[in-house]
Amino acid sequence: MKGVPVLRMSTLFLRTLREDPADAEVPSHRLLVRAGCVRRVAPGVFSWLPLGYRVYRNVEAIVRDEMDAAGFQEVHFPALLPREPYETTGRWTEYGDTLFRLGDRKGTDYLLGPTHEEMFTLMVKQEFSSYKDLPLSIYQIQTKYRDEARPRAGILRGREFVMKDSYSFDVDDAGLQASYDAHRAAYRSTFDHLGLSYVIVSAMAGAMGGSVSEEFLAPCESGEDTFVRCTACDYAANTEAVTVPAPPQQPVAGLPAAVVADTPDTETIAALVDTANSRPDLRHPDRDWTAADTLKNVVVRLTLPDGTTEPLVVGLPGDRDVDLKRLEATVSPATVAPFEEADFAAHPALVRGYIGPGVLGTAGTSGIRYLVDPRVVTGTSWITGADEAGRHVFGLVAGRDFTPDGTVEAAEIRAGDPCPACGSPLDIARGIEIGHIFQLGRKYADALGLQVLDENGDLVTVTMGSYGIGVSRAVAAIAEQNHDDRGLIWPRSVAPADIHIVVAGKAEEIAAAAEDLAGQLEAAGLTVLLDDRTGVSAGVKFNDADLIGIPTIVIVGKALAEGNVEVKDRRSGDRHTVPAVDAVAELVALVNS
RNA sequence: CGGGGCGUAGCGUAGUGGCUAGCGCGCCUGCUUUGGGAGCAGGAGAUCGUGGGUUCGAGUCCCGCCGCCCCGACCA
C-alpha cells in the first residue's frame, strides 16, 4: 500500500472496547470486535470497519498476487445465480438447507452461490472447444453464501464469507495432476506470505465429488477440524479421511465354534464385559475380556438428499465409538442421524442391546446394510449380540459365521492409533480449514457437457480441479495464531499499517516531531497510523496500540528531550531508543526486511 | 436436530412481583490532569430481544418466536 495517507486516530472511524463482548468466545472473535475490526450484523454475517478492512484487503491482495503469479486468470461471477445449472448437477438438492434460495418477482428460483463449479464449467464450455485452449486455470475472489446450521466463532464460520475459488481444466489426468500441483505450490506460497502456520492433510471430497483432496489447516484450539499427524513420518490427515490399517486375515480353520450364551441385563458393552469376566462358563481361558473383544453394532438412519431414509448398521470393536463426522464423510451426500424409538419399532429384527450380525446384511433376514470397521477382518473372533433379548454369542468369526456387506471408516480415531503409512503412533490436533484443493475429475464436466476436441478430432470430456481459500476466514485464522492477552499482533504482511506512532505527551514539540516522522515515513512508502488524539492519556494510547496490533509501535514522548524516539516491537515487547533523525531509515529497513 | 445457559443504554453488568430501572466503561460540556485504561462537577442516552398470557401491579412469573453462547448427537 504505497502512498497511503497517514491514518489519524483523531479522525479514524474506530471505537475500541475495553471489555470483551459477552457473546464472543474464541480469541479472534473477541479481539477483532474489541479492536474495532468487525461488527456483527446478523447471525454469521459481519461488517468490516476501517482497520479490519485494511487487514482483509491486504490478505485479499496477497491471495490475488499469488494466483496471478502462478498464471491463473481472474474472472468474476455474480453471487446471485439461476437454479438450472445446480439442478443439472444435482446440487440444488444435495446442498439441502445450506443453500440460500430465493425467488424473483416472477417466482423463478435463484440461489446465492455457495461455490461456483457449475458456473465456471459452463463459462469454459461457452468459450472453449479445443484441447489447444487447455490447460486453463481461472479464479475469482467472491462472496459466498451458505446457510450454516450453526454459524460460530465470529468470522471463522460465517454464513456470508469471501472465498478465492479457482478451477483448473485439463484434457487428461496428467494435466489435472500438474494443475493440482501448481495450485498446491501457489497455496503454500500464499499461506507462507500471510504469516500463517499450516499443515497439509489428506481430506475427504464430500459433497464436492472427486477423488484426491487435501486441506490446508491452520493449527489452533478454536479450529473445527480435527486432524492427525504421525509422530514419525510426514503422514497427516483430517480424521474424516484417516484410513484404519486392517490387520492381516487369520485362518478360520481350527477356531472353536460360536456359542450362544444367556447374558441377561447386558445391554451395554461395559455390562457385557463384566458379565463375561465374572462367569466361569464365559471366562476367557488366559486373560480378562475387554471391550475390544466385543463387536458393537451401531444402528444409524441415513437420510438421502431426496429425503428418503434407510437404516445402516456399523459393526466395530466395542471399545470404539462411532465418529458421526467420519461416517457422514463416507456416506455423503447422505446425512446420518441416530436411530430412535420409532426406527426400532419399524425394525423389530433389531433387538436393542443384543444386535448381532446374524440378522444383518442385505442378504440377511433384516435386509439392513451392514458395514464393519476395517479391523473386523476374516478370521477375527468376536463377542456380539445374538439378536435375542438377553443373549450374546461368543466366538463369532468374521468370514466364517458372518459376512458383512463391506467395510466403512466410521470408528473414532484416538491419539496413539497406528499411522496408516508407517505404524507409528498418531497425534491429534485441531485446525482451521483455510484452504482445500480437490481433483474433481469429470463430475461437473460430464453433468454439464464440457468437452473439447483432442488432437485426433475426438470429443473428450475435460477433467477439472477446484481449489478454495477462505479469504475472510484467513483473517480470523491469522488473528487466532497471532495474539496475546493484550491484543492482536498482525504479521507485517497483513497489518493495517506498517507503523503505529503514539504521541505521548502534550508538548507541542512532541506532536510536531510525531507529525514530521509520520510524514517522512509516508513519503518513504510506509503506511502509518498516528495516534494524534489530544486529551487522551498515554496509557490509553499504549493499550489501544497493543490491542490493534500493528507490529511496530513508535513512541514519541519524553525521550524526545534527548532527541530520541522509542521503537517497540509489539510481539516481543522489546523496545529501544533511536535518535529521531535516524528513525526513518531504521523503520524503513525494519519494514522491508 | 436435542439439552443447558443467557438476552436490561454503544460495551460490560445489578436488579429476590411493588417508588422515577441502578452501577462501571464509553459519549457530551466545563475545569484540573497527561508515559501503561486520570480526577471533580454537570449532562445525554433504555419501547428491559419480541409477541402473547397470569396479576391490582411484570425487567422479574408462564407460553410461543427470534437471537447469542456452550455442550451433545452411538454405547447395541
Side-chain angles (χ1 to χ4, degrees), chain A residues 14-26 29-30 33-34 36 39-45 97 149-154 263 266-273 291 294-301 303 312-328 335-340 343-344 347 350-357 359-360 370 382-392 410-412 486-487 502-507 510-511 531 533-547 553 555-561 566 568 573 575:
Chain A
L14 170 74
R15 181 110 293 139
T16 56
L17 303 179
R18 193 172 290 208
E19 292 167 284
D20 282 336
D23 61 353
E25 191 78 12
V26 303
H29 188 193
R30 275 189 354 243
V33 170
R34 276 190 61 200
R39 291 290 182 262
R40 194 190 83 98
V41 170
V45 182
D97 291 336
R150 181 142 94 95
R152 60 174 287 275
T263 53
T266 55
E267 294 182 20
T268 66
I269 293 291
L272 174 60
V273 171
T294 67
L295 177 62
K296 175 161 73 172
N297 297 296
V298 179
V299 195
V300 297
R301 188 179 66 235
T303 304
L312 170 71
V313 177
V314 175
L316 70 167
D319 63 331
R320 299 265 166 181
D321 290 339
V322 167
D323 181 332
L324 282 187
K325 278 187 178 166
R326 267 167 61 71
L327 179 55
E328 202 147 42
T335 58
V336 179
F339 225 53
E340 291 164 2
D343 298 308
F344 278 107
H347 296 277
L350 301 176
V351 185
R352 291 184 87 160
Y354 304 94
I355 299 173
V359 299
L360 301 173
Y370 183 46
W382 303 92
I383 304 173
T384 189
D387 299 304
E388 293 176 70
R391 306 190 83 187
H392 279 91
E412 59 171 336
R486 305 192 56 76
V502 172
V503 180
K506 61 178 178 179
I510 290 175
D531 196 342
R533 290 175 293 178
T534 54
V536 175
S537 72
V540 170
K541 292 183 180 181
F542 292 145
N543 281 306
D544 273 346
D546 288 345
L547 177 59
I553 298 164
I555 302 154
V556 182
K558 61 188 182 189
L560 194 66
E566 291 158 81
K568 175 185 166 182
R575 55 171 89 191

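As a basis for the values below, the full set of heavy atoms in this structure was taken, side chains included, without hydrogen atoms, waters or symmetry mates. The chains referred to below are lettered A, B, ... by the order of the sequence lines, with proteins before strands, and numbering in each begins at 1. What you see is a predicted model, and the numbers here were worked out from it, not measured in a lab.
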Check A/Pro21 against A/Val33 and note the closest heavy-atom contact, atom names and distance. CG-CG1, 3.7 Å
Distance in angstrom units between A/Arg326 CZ and B/A73 C1', rounded: 17 Å
Measuring only the P atom in each nucleotide, how far is B/G35 from B/C68? A whole number of Å is fine. 43 Å
Report the distance from atom CG of A/Leu312 to atom P of B/C74, rounded to the nearest whole Å. 15 Å
Residue list, salt bridge (charged side-chain N to carboxylate O under 4.0 Å, His left out) with A/Asp321, at least two apart or on another chain: A/Lys296
Nucleotide forming a Watson-Crick or wobble pair with B/G2, both distances under 3.5 Å: B/C71
Please tabulate the protein-to-nucleotide N/O contacts below 3.5 Å involving nucleotides 41-48 of chain B, giving atom names and distances.
none

Separation of B/C25 P from A/Glu19 CD (nearest whole Å): 10 Å
Pick the nucleotide of RNA chain B nearest each of A/Leu295 and A/Arg40; which residue has the one closer to the 5' end? A/Arg40
Please determine, for B/C40, whether a Watson-Crick or G-U wobble partner exists with both distances under 3.5 Å, and give it or none. B/G30
For atom P, what is the distance between B/U29 and B/G36, given to the nearest Å? 26 Å
Paired with B/G35: which nucleotide, if any, by Watson-Crick or G-U wobble criteria at under 3.5 Å for both distances? none
Using a 4.0 Å cut-off on protein heavy atoms (strictly under), produce a 5'-to-3' string for nucleotides 33-38 of chain B with B for base contact, S for backbone-only sugar-phosphate contact, and - for none. -BBBBS
Here the distance between atom C1' of B/C70 and atom NE2 of A/His29, to the nearest Å, is 14 Å
Could you work out the separation of B/G64 and B/A46 based on their P atoms and round it to a whole Å? 31 Å
Please measure how far the P atom in B/U54 lies from the corresponding atom in B/U47, and state the result in whole Å. 26 Å
5' precedence on RNA chain B between A/Ala22 and A/Val26 (nearest-nucleotide basis): A/Ala22
Report the residues that fulfil side chain to side chain contact (heavy atoms under 4.5 Å, CB included) with A/Arg575, sequence neighbours left out, ordered by chain and then residue number. A/Ile555, A/Glu566, A/Lys568
Say we look at B/G67 and B/C56: how far apart would their C1' atoms be, to the nearest angstrom? 34 Å
So, using side chain to side chain contact (heavy atoms under 4.5 Å, CB included) as the criterion, who are the partners of A/Arg320 when residues are at least two apart? A/Leu316, A/Pro317, A/Arg375, A/Ala411, A/Glu412, A/Arg414, A/Asp417
Rounded to the nearest Å, what distance is computed from the CD1 atom of residue A/Ile355 to the C1' atom of nucleotide B/C74? 11 Å
Partners passing salt bridge (charged side-chain N to carboxylate O under 4.0 Å, His left out) against A/Arg15 (at least two apart in sequence or in another chain): none
Consider the side chain of A/Arg15, meaning its heavy atoms from C-beta on, and name the nucleotide among B/C27, B/G12, B/C74 that approaches it most closely. B/C27
Base-pairing mate for B/G22 - Watson-Crick or G-U, with both contacts under 3.5 Å: B/U13
Residues in salt bridge (charged side-chain N to carboxylate O under 4.0 Å, His left out) with A/Arg391, at least two apart? A/Asp262, A/Glu388
Test your reading of the model: is there a side-chain donor-acceptor pair from A/Asp546 to the backbone of A/Arg486, 3.5 Å cut-off? no
A/Arg301 atom CZ is separated from B/C74 atom C1', nearest whole Å, by 13 Å
Donor-acceptor check, side chain of A/Lys541 to backbone of A/Val503, threshold 3.5 angstrom: yes or no? yes
Excluding sequence neighbours, so at least two apart, what forms salt bridge (charged side-chain N to carboxylate O under 4.0 Å, His left out) with A/Arg30? A/Asp20
Roughly how many Å apart are B/A44 and B/C63, using the P atom of each and rounding to a whole number? 39 Å
B/G5 and B/A9: how far apart are their P atoms, nearest whole angstrom? 22 Å
Taking the C1' atom of each, how far is B/G4 from B/G10, in whole Å? 30 Å
How many whole angstroms separate atom CG of A/Asp321 from atom C1' of B/A73? 11 Å
To the nearest 0.5 Å, atom CG of A/Leu547 lies from atom OG1 of A/Thr16 at 6.0 Å
Could you please name the partner base of B/G51, counting Watson-Crick and G-U wobble pairs only when both distances are under 3.5 Å? B/C63
Considering only heavy side-chain atoms of A/Asp23, the closest of B/C75, B/C11, B/C68 is B/C68
Can you name the side chain to side chain contact (heavy atoms under 4.5 Å, CB included) partners of A/Ala22, sequence neighbours left out? none
